[in-house]
Amino acid sequence: MALPATYTRGQRIWHWSLWGIVVAVLLFLVLPVLVIVPLSFSAGSFLTFPLPGLSLQWYQELFSSGPWQLSFRNSLVVAIATTILASILGTLAAMGLNRADFPAKSLVMALLISPMVVPIVIVGVGVYFFYAPLGLTGSLLGLTLAHTVLAVPFVLITVSATLAGFDHNLVRAAASLGAPPLLTFRRVVLPTIAPGVVSGAIFAFVTSFDEVVVALFLTGPGERTLPRQMFVGIRENISPVIAAAATLLILLSVLLMATTEILRRRSARLHGRE
Amino acid sequence: MSAVSATAPPPAVLTSSEIKRRLRRAEWRGRLKAIGLVVPLLLFLLVFFIIPIGRMLWLSVDNSELPGTMPRFAAAIQQWKPEQTPIPDEATLAIFAEELQQAAEARELAGVARRLNTEVPGFRTTIMGTARRLPQAPEGTWAETFVSINSDWAETESWLLMQRAASPLTPYYLLASIDLRMGAEGLTTAPADQAIYRGIFARTFVIAGGVTLFCLLLGYPLAYKLASLPSRIANLLLILVLLPFWTSLLVRTTSWIVLLQQQGPINQFLQGVGLTSDPLQLIYNRFGVYVAMTHILLPFMVLPLYSVMRGINPALTRAATSLGAHPFTAFRRVYLPMTVPGIGAGCLLVFILSIGYYITPALVGGASDQMASWFIAFFTNQTVNWGMASALGSILLISVLLIYWLYIRLVGVERMRLG
């Protein structure tokens with residue numbers, strides 16, 4: 001990258017040292033995530049470099065182990081149920097809140113997204129005390145309901161952001177052409193806000209799929225989820241199986257992130273924003 | 001269409017007040033519909049979020065163990081005036097003996113014993129032992145009988161404890177959370193070996209503040225550079241910021257354990273280049289907590305900073321330098337003030353999120369690096385002291401809500417965005 005010829009010596013040094021800092025910070029962000037990947041292919045049984053050899057044994061162990069399979073299945077069930085519930089509740093609320101004259105709009109919005117900022121231990125403890133007398137602890141249903149609380153703000157925020165650029169004349173046009181409200185929603189509103197809803201749903205899925213604190217409070221051995229299984233593994237006996245599970249989770253994150261980025265850019269293009 | 005226009009009154013007939021009335025009604029219908037869309041979520045959060053947290057707040061002052069198990073004794077001992085008689089009168093003691101035996105037979109004494117034991121360690125044995133050895137009729141007076149079973153009952157302090165446990169609400173847990181005790185001499189500071197909670201909250205705030213500062217120091221130059229790049233390159237590099245944001249917290253924590261351990265790559269490197277002969281202790285201490293938490297929370301700093309910086313017109317700084325300002329002065333006097341909203345948003349967000357951290361310090365920190373959340377979980381799961389867990393939780397919750405309120409006032413709730 002050529003610098004303007006008018007740059008002084010000091011400006012050049014500043015320019016390159018700023019780049020140095022930026023590259024260092026980016027490496028700090030990315031390298032620790034990737035360091036775990038080669039370790040999952042290790043032939044040894046310790047999480048250290050250099051690798052004694054390559055093997056797929058840890059993936060084999062991961063896929064054949066009963067507890068890991070169970071925890072993966074539980075996580076998937078809870079995350080999918082959470083995604084559906086949170087997407088419906090969040091999208092409806094975002095559409096209601098989108099009206100300019102909604103009473104006490106900021107206050108309601110602040111309340112609805114507060115699960116994002118309340119320390120997760122407090123949510124866990126509160127829900128645990130609340131569930132204990134109802135017998136909802138140790139059930140996937142109870143965990144799903146708690147995860148929905150945590151996931152709903154993400155749906156609300158992403159759908160609200162998409163709705164902010166929504167032209168309400170489209171709804172009026174549809175209505176004036178005789179479309180009943182439900183048809184207008186299905187054929188006009190939903191296609192326009194779909195990128196926001198899908199992004200929100202992905203956020204909701206990830207929130208539930210990664211959540212460990214509430215799971216620690218609410219689940220027993222039978223309902224253990226993938227993060228809980230990993231947490232116990234890291235605590236008690238950290239082995240390359242954890243690295244194999246982590247690698248698969250990174251792969252999943254990359255896929256989901258790419259999807260939301262594509263959606264975000266598409267929607268930004270549609271709204272003529274950058 | 002013709003049928004419709006035939007039945008509808010021609011517009012000219014409507015008076016302006018009639019039009020206003022209809023308009024208002026239509027607006028109200030729209031507003032009700034909007035509220036109707038929000039109500040399901042509000043109800044859901046009420047049941048599964050607000051009521052559970054409200055119940056936790058309630059449990060921090062709830063004292064229903066003794067009044068629930070021994071209602072008549074609880075009422076009687078509240079009438080006792082310790083400044084007049086050193087122990088309660090015979091009538092009260094007789095009720096106590098009767099209800100204590102009933103509770104022991106019904107096996108309902110465990111809750112009361114646990115409640116008394118949290119305040120005076122060892123009192124569980126006193127109350128359980130007394131219940132076991134209590135005769136049907138007093139040997140002499142009830143006062144003599146109680147003292148002969150356990151000399152604790154000769155102490156006014158023991159009966160004061162019973163009196164404190166007899167009121168339906170207690171300030172005990174909340175006071176204990178800030179290292180205060182309520183005894184015969186009124187409010188006192190807890191003995192030094194038990195006075196740990198102020199320290200824990202101070203530590204929680206110090207760690208959260210430190211992580212916020214490190215995130216700002218690393219995030220500001222990154223966001224600054226990204227904002228000045230052409231958007232194609234900036235978007236590409238932003239993906240590198242988003243990747244850790246999307247990666248599971250446990251995966252990132254595991255990575256740091258691998259990196260920082262004694263045989264880890266960082267120690268191998270330091271030893272390889274001869275900077276240190278023995279491996280450094282980089283993990284299970286405060287250093288590990290700062291590194292891992294800064295890494296995890298950095299995207300929450302970079303994203304709000306970037307979105308503010310992206311909106312700043314670069315011509316302004318150029319104008320300042322062309323008017324003769326040193327580039328550094330131009331940055332400090334023109335650019336920096338315009339990024340203050342981003343700094344505020346990023347710092348408040350990172351601070352709020354880090355205050356409640358539990359998993360990362362639990363996995364990469366040592367015993368003296370655990371934050372408030374760890375103790376809340378400890379009291380809930382390990383010692384089953386729900387009152388103490390709730391009191392610590394209430395204090396943590398109030399701190400977070402205060403900062404959240406500040407965030408909403410300064411930044412605005414609609415600025416909360418993701419990516």
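Convention: sequence-line order gives letters A, B, ...; per-chain numbering from 1.
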Chain B heavy atoms under 4.5 Å from [X]: which part of the residue, side chain, backbone, both or neither?
| X | answer |
| --- | --- |
| A:Val206 | side chain |
| A:Leu85 | side chain |
| A:Val127 | both |
| A:Thr260 | side chain |
| A:Leu112 | both |
| A:Ile21 | side chain |
| A:Ala110 | both |
| A:Val108 | side chain |
| A:Ile242 | side chain |
| A:Leu252 | neither |

Pair B:Trp256 and A:Phe28, ring centroids less than 6.0 Å apart: yes

Ring centre gap for B:Tyr357 and B:Trp374 strictly below 6.0 Å: no

Partner chain A: residue of B:Pro40, B:Gly30, B:Pro265, B:Ala377 with the largest heavy-atom pair count (under 4.5 Å): B:Gly30

Top contributor to chain A contacts, counting heavy-atom pairs under 4.5 Å, from B:Leu238, B:Leu397, B:Ile296, B:Ile408: B:Leu397

Parallel, tilted or perpendicular: rings of A:Phe205 and A:Phe209 (30°, 60°): parallel

Distance-only donor-acceptor check, side chains A:Arg228 and A:Thr219, under 3.5 Å: yes

Stacked cation flag B:Arg55 on B:Trp58, 6.0 angstrom / 45 deg: no

